[in-house]
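A quick write-up on the structure given underneath.
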Amino acid sequence: MPPVVFLGPSAPASDILSILPGAIIRPPARRGDLYSYRILKHEFFLIIDGAFGNVLSISPREVVDVVRDGAVVVGASSMGALRAADCFPAGAHGVGIIFRLFKDRVISAEDEVAVLFREDLPFPPLTEPLINMRIALRRATRKGLVRALEAEKIISAAQSLHFTLRTWPRAYQGAGCSLSSEILNFLSEIDIKRADAILAAKRVSKMREACRAPLRRSSSSHLFGLLGDGRERRADPLSGAGQQQIEPEFIEWLCCSGKAYRWLHSEITRRNGELVAPISSVWNILDGLGELEAELMRFDVFKRAISEARRWGLRPSIEDLRQAEHQLVNAHGVGSWNELLISIGNDPSYAERLSIHRTKLALTKCVRRTFLFAHGQATTPREVLLWQPK
């Protein structure tokens, strides 16, 4: 069976067909498209573009179901890069710069790859994708065609535009910068989405050549999860851990953060600075309130952020500590940090734990500020300068 390629404005069909002759070129993928073609026994899928907005976009669940049924799903450039980044742990393949940026969380918004185009004439796009603008300006600064400060202003102006209005002239005008024809020609020639689409087509071609034997079929009698128990599988809020493994740290986090002040105050006691509560009480009360899974996931994110901060050797700033104190003060319903310490009473051990929690909370804010809202010069090897102003 020929590969199925979901393609829109990211690249012309001729680019793909020159690499994958005989491929079935379909419009940008919509919800259910993968299921439909998998039922017809197609084994290779290349997702480049996807529909969104006024129609249901292809879901990660659909990608996972088709991969688990034995098909190969490759994503790149646009919606394909997004879904490949979402589903690569389940076996989806991602190709190209844009996929790597999504996978590493350097960028995360669908707005980065969105463009305006006519469905009857899907190539070329009528507007410029934000990710192309970021990379084009980065290359222009390396060549000395654009100053770094000017590039930041242009990206900031481009971000303020709706994707249906995002063009180089409008971005330059919004930034108050002049756009020469020489620079416009240089910037317009850089098309990362198209380059990634071509790379992805080459990857599919190589994978088909390497796969002479039929791909494995699902042993399930159902249609790859459509009718099975796993169609709406729930996330694991414990991340594989057991209740007893995380109970002490989870209770301490609930208390120190102030989240359990109303729910579990009567159930949790302090003994020599140690927070103690019956396992069943914590789980039963929070589960009865419908808050257990949400709090467990927040706890997991909190621990991951601290681990990331320590891995990079980050130190919270005074502002991070101030914000952490303000959050804890509000959560405990007091007026100031000193009032919070006084409310603890004669328990210096717990006061010390609360101070440690404040530092950890400040670390999470440091991670957020460093990795999610960084601009200017990179402070760690992980940051990529794509000008993401606050």
Side-chain angles (χ1 to χ4, degrees), residues 1-52 55-88 90-100 102-103 110 113-115 117-125 129 131-132 191-212 214-215 224:
M1 298 292 285
V4 181
V5 181
F6 297 98
L7 181 66
S10 291
S14 58
D15 282 358
I16 306 302
L17 291 173
S18 65
I19 301 168
L20 296 170
I24 297 175
I25 305 295
R26 297 298 301 153
R30 300 187 178 199
R31 183 75 55 86
D33 282 351
L34 280 183
Y35 288 142
S36 299
Y37 279 95
R38 182 56 182 159
I39 289 173
L40 296 176
K41 307 300 183 183
H42 288 272
E43 297 177 326
F44 286 88
F45 299 91
L46 173 54
I47 305 173
I48 295 174
D49 291 297
F52 66 97
V55 298
L56 289 175
S57 60
I58 188 170
S59 68
R61 179 75 261 160
E62 185 173 350
V63 174
V64 171
D65 285 341
V66 171
V67 167
R68 288 186 174 176
D69 192 57
V72 174
V73 178
V74 179
S77 299
S78 191
M79 181 65 74
L82 270 166
R83 290 298 173 258
D86 292 335
C87 304
F88 80 93
H93 299 270
V95 179
I97 294 174
I98 298 174
F99 159 72
R100 293 197 301 272
F102 275 123
K103 177 177 174 291
E110 294 183 3
V113 293
V115 295
F117 68 98
R118 289 178 53 184
E119 293 190 8
D120 56 330
L121 295 172
F123 184 84
I131 187 59
N132 271 8
D191 192 345
I192 300 302
K193 291 180 70 175
R194 183 174 182 176
D196 282 1
I198 293 171
L199 284 176
K202 292 179 179 178
R203 173 73 64 86
V204 172
S205 178
K206 290 181 179 179
M207 295 174 77
R208 292 186 72 210
E209 291 176 1
C211 188
R212 299 298 184 186
L215 296 177
F224 38 82

Looking at every non-hydrogen atom in both residues, tell me the closest pair between [X] and [Y] and how far apart they are.
X: Y35; Y: R61; answer: OH-O, 4.0 Å
X: P60; Y: D86; answer: CG-OD2, 3.9 Å
X: P27; Y: F6; answer: O-CD2, 3.5 Å
X: L7; Y: A13; answer: CD2-CA, 3.6 Å
X: V115; Y: P9; answer: CG2-CG, 3.6 Å
X: A11; Y: D15; answer: CB-OD2, 4.4 Å

Beyond-backbone contact of [X] with [Y], side-chain heavy atoms, under 4.5 angstrom:
X: P2; Y: H42; value: yes
X: D49; Y: F117; value: no
X: I47; Y: L34; value: yes
X: R26; Y: Y37; value: yes
X: V113; Y: I98; value: yes
X: V4; Y: D33; value: no

Test log, rule side-chain contact (heavy atoms from CB on, under 4.5 Å), inputs V5 and V204: CA-CA 10 Å; V5 181; V204 172; over 6 Å; no
Using 0.5 Å steps for rounding, measure from the [atom1] atom of [X] to the [atom2] atom of [Y].
X: I19; Y: R203; atom1: CD1; atom2: CZ; value: 12.5 Å
X: R194; Y: I192; atom1: CZ; atom2: CD1; value: 12.5 Å
X: L82; Y: S77; atom1: CG; atom2: OG; value: 11.0 Å
X: F45; Y: I58; atom1: CZ; atom2: CD1; value: 9.0 Å
X: S10; Y: I198; atom1: OG; atom2: CD1; value: 11.0 Å
X: M1; Y: R208; atom1: CE; atom2: CZ; value: 10.5 Å

M79 backbone acceptor or donor facing E110 side chain under 3.5 Å: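 No, E110 side chain to M79 backbone: no donor-acceptor pair under 3.5 Å.
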Main-chain N/O of S57 paired with R31 side-chain donor or acceptor, under 3.5 Å: yes
Basic-acidic side-chain contact under 4.0 Å: D196, K193: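 Not counted as a salt bridge, because no side-chain N and carboxylate O are separated by less than 4.0 Å.
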With sequence neighbours excluded, residues passing side chain to side chain contact (heavy atoms under 4.5 Å, CB included) with A200: L46, V74, A76, V95
